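The block underneath contains the structure these notes are about, expressed in structure tokens.
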Amino acid sequence: MASETSPEAGRPSGSPSRLEKLAAHYPVIIIGGGINGCGLFRDLNAQGVNCLLLDRQDFCSGASASPSRLIHGGIKYLETGEFRLVRQSARERNLLLQNAPHYVKPLETVLPVYSWWGGIIPSIRRFLGLKTKMNDRGAAITEVGLLLYDLFGRHFRTMPRHRMLLRKSALKAMPDLNRKIIAAGIYYEGRVTHSERLALELILDGSADNPGSLALNHAVPVGTADGGIEIRDALTGRTAVVKADIVINAGGAWIDAVNADLGIASRHMGGNKGSHIIVRNERLVDALDGRMIYFGSADGRVNLLYPFMGNVLVGSTDIPIEDPDDAVCSDEERTYLVSVTREVFPEIEIQPEEIVMTYCGVRPLPRSEGMDPGLVSRDHSIAEDTLPGTQIPVYSLIGGKWTTFRGFAEEAADLVLKRLGHARRKSTENLPIGGGTGFPADAAAMERVIDALASVGGRSRETTARSIERYGMRASDLMRTLEATRAMPLTSLPDFELAELHWICRNEMVEHLDDLLFRRTEVALSGRMSLEVIRETAGIAAGFLGWETDRQEREVADVIALCSKSNIALG
């Protein structure tokens with residue numbers, strides 16, 4: 001095994017060429033590289049519209065990196081009468097299972113039920129928009145909800161319909177469940193194995209579709225000048241002014257702050273923070289047996305836990321917050337998430353040291369003063385403002401969620417196309433995403449692909465299968481790179497090769513070490529961070545990206561600080 005750098009030439013990170021690539025004018029500037037901005041970037045590029053996408057940090061590093069990582073129809077929205085949202089969400093879930101099968105997978109879901117008739121009156125009150133605590137969803141309500149859910153998910157159906165299990169059958173399937181249950185509803189949702197990479201692939205697809213567009217991470221709009229937007233490269237401090245016909249504010253929870261930087265006073269956004277914990281507990285993994293538990297807790301919230309990268313993901317809280325930059329998972333939230341897990345599995349106790357990571361993000365919800373956080377709509381809308389001193393519209397993308405990003409992007413793109421006088425020339429409805437293009441449809445086809453790519457890369461079937469799991473069919477490009485190199489596994493991460501990290505740095509816009517460890521790879525998310533990992537990967541990135549020694553040390557220090565914020569114990 002080896003961790004030394006390769007003689008392969010790298011590239012200087014944050015070089016002046018980043019801003020030199022900018023055109024003087026783009027029909028559309030998109031500010032915010034979360035999932036809404038990435039989805040719109042791909043859609044507009046598919047229509048041949050030149051776009052500039054900017055994110056002040058890394059793509060998908062804000063709220064879009066902090067969800068429950070579900071692709072779901074939103075069964076709980078039935079309680080608030082948001083049938084349109086449920087219908088769209090279920091449809092988009094099914095499309096993502098089709099278009100991104102490398103990252104979006106079916107997830108069998110269990111709804112524990114503790115009574116036959118509980119929740120009927122509260123459900124009626126909540127449906128009417130009245131305040132009420134919903135802490136018991138009985139078998140009758142659950143069955144009606146699942147029947148409706150099947151109905152709304154009938155388009156492009158990719159998963160089985162629901163079924164109800166009585167107590168004996170439910171406990172036989174999951175013996176560690178709370179024995180107070182009287183039944184369990186079984187239905188299917190989707191999960192996204194690596195949401196950050198899915199968002200990145202939308203950018204890569206858009207850039208490939210239209211070379212006239214550009215996506216820049218770590219680039220900040222700092223104001224207006226000469227009728228355009230002044231942009232500062234956060235890596236070099238250099239600035240440039242770019243003009244546009246339309247500005248899209250896809251800043252999520254930061255939308256009002258972005259508008260303020262542009263000289264626009266707006267109060268579009270509210271925001272609730274949601275925290276999650278990632279737990280390494282073998283008994284809990286075994287108890288779930290590949291399933292998600294989606295349950296109403298005693299305090300009336302809806303929570304979940306499911307297997308995630310060999311561990312268990314538990315979420316989430318829902319707490320109003322003013323400044324999204326202040327969002328962290330508090331000690332109280334960690335304690336809460338541990339305690340609600342015991343409501344489902346009373347005999348399984350999570351120890352503090354078993355929490356390998358926490359994360360927290362702010363949901364980009366519309367402003368709704370005084371409303372119960374759980375009742376604020378997760379639907380989306382578009383607000384229009386004007387860039388000061390011009391007639392240039394600024395459209396703010398409010399709300400939305402991971403599951404519906406494609407549909408939201410389509411709505412926003414159609415608005416932009418109408419304003420520009422362009423016709424839509426391609427639908428994204430059945431358009432594969434990134435490594436989902438040509439992904440094997442069944443196990444037999446997968447075996448053939450593994451054999452073929454293993455012969456190309458000169459690597460074992462195990463290594464090849466792991467690469468397909470990480471990158472989908474983009475693994476074919478990686479295998480061609482590996483073919484020209486000898487195998488050099490990392491000392492601290494033996495399942496990664498030196499050439500693999502170089503391939504990521506070369507092709508996936510890595511500018512900082514945390515880009516590599518938290519978003520381009522699953523190292524942080526899978527709970528495998530350590531000082532050895534940080535220092536070894538920093539040396540590799542420095543060699544490829546041309547970092548001097550002081551820059552490399554800063555990158556190491558920044559990742560250690562981020563690990564502390566995420567409650568990652570480095571040992």
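What you are looking at is a predicted structure, and each value in this text was computed from that prediction instead of being measured.
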- Task: Take atom CD of Glu462 as the centre, draw a 6.0 Å sphere, and report whether it contains more than 12 heavy atoms from other residues, nucleotides or ligands.
- Result: no
- Query: Are Asp325 and Trp254 close enough that some pair of their side-chain heavy atoms sits under 4.5 Å apart?
  - Reply: yes
- Message: Against Met529, only a single residue in Val523, Thr537, Ile560, Leu562 fulfils side chain to side chain contact (heavy atoms under 4.5 Å, CB included); can you say which?
- Response: Val523
- Message: Could you tell me if Arg280 sits above the aromatic ring of Phe308, with its cationic atom closer than 6.0 Å to the ring centre and no more than 45 degrees from the axis?
- Response: no
- Does the ring center of Phe544 lie less than 6.0 Å from the ring center of Trp503? no
- Message: Evaluate Leu53 against Asn217 for side chain to side chain contact (heavy atoms under 4.5 Å, CB included), listing each step before the verdict.
- Response: CA-CA 8 Å; Leu53 174 64; Asn217 51 355; over 6 Å; no
- Item | Side chains of Thr549 and Gln552, donor plus acceptor under 3.5 Å | no
- Query: Is there a side-chain contact between Asp55 and His218 (heavy atoms, below 4.5 Å)?
  - Reply: no
- Task: Evaluate the side-chain proximity of Val258 to Arg56: yes if any heavy-atom separation is below 4.5 Å, no if none is.
- Result: no
- Message: Could you measure the distance from the CZ atom of Arg520 to the CG atom of Leu513? Nearest 0.5 Å is fine.
- Response: 12.0 Å
- Kindly compute the distance separating CD1 (Ile319) from CZ (Arg363), expressed to the nearest 0.5 Å. 9.5 Å
- Establish, from distance only, whether the side-chain atoms of Arg459 and Thr464 form a donor-acceptor pair under 3.5 Å. no
- Message: Parallel, tilted or perpendicular, judged at 30° and 60°: which one describes the rings of His380 and Phe408?
- Response: parallel
- Message: Testing the 3.5 Å rule here: is there a donor-acceptor pair between the side chains of Ser297 and Glu343?
- Response: no
- Message: Tell me whether Lys565 at atom NZ has more than 12 heavy atoms from other residues, nucleotides or ligands lying less than 6.0 Å away.
- Response: no
- Message: Under 3.5 Å, is there a donor on one side chain and an acceptor on the other for Glu532 and Ser492?
- Response: no
- Can you tell if the side chain of Leu198 reaches within under 4.5 Å of the side chain of Val104, non-hydrogen atoms only? yes
- Are a donor atom and an acceptor atom from the side chains of His194 and Glu522 found within less than 3.5 Å of each other? no
- Message: What I'd like to find out is whether the side chain of Leu304 reaches to under 4.5 Å of the side chain of Val314, using heavy atoms alone.
- Response: no
- Query: So, Tyr336 and Asp331: side-chain donor and acceptor under 3.5 Å apart, yes or no?
  - Reply: no
- Item | Salt-bridge contact Arg406-Asp43 (side-chain N to carboxylate O under 4.0 Å) | no
- Query: Between the side chains of Tyr306 and Glu189, is a donor N or O closer than 3.5 angstrom to an acceptor N or O?
  - Reply: no
- Task: Using the ring of Tyr149 (Phe, Tyr or Trp, six-membered ring only), decide whether Arg93 places NZ or CZ under 6.0 Å from its centre and within 45 degrees of its axis.
- Result: yes
- Working for side chain to side chain contact (heavy atoms under 4.5 Å, CB included), residues Arg470 and Phe496: CA-CA 11 Å; Arg470 285 176 179 160; Phe496 280 92; 3.3 Å; yes
- Assess the side chains of Asn45 and Asp209: does a donor N or O sit below 3.5 Å from an acceptor N or O? no
- Side chain proximity check, Thr358 to His276, heavy atoms < 4.5 angstrom: no
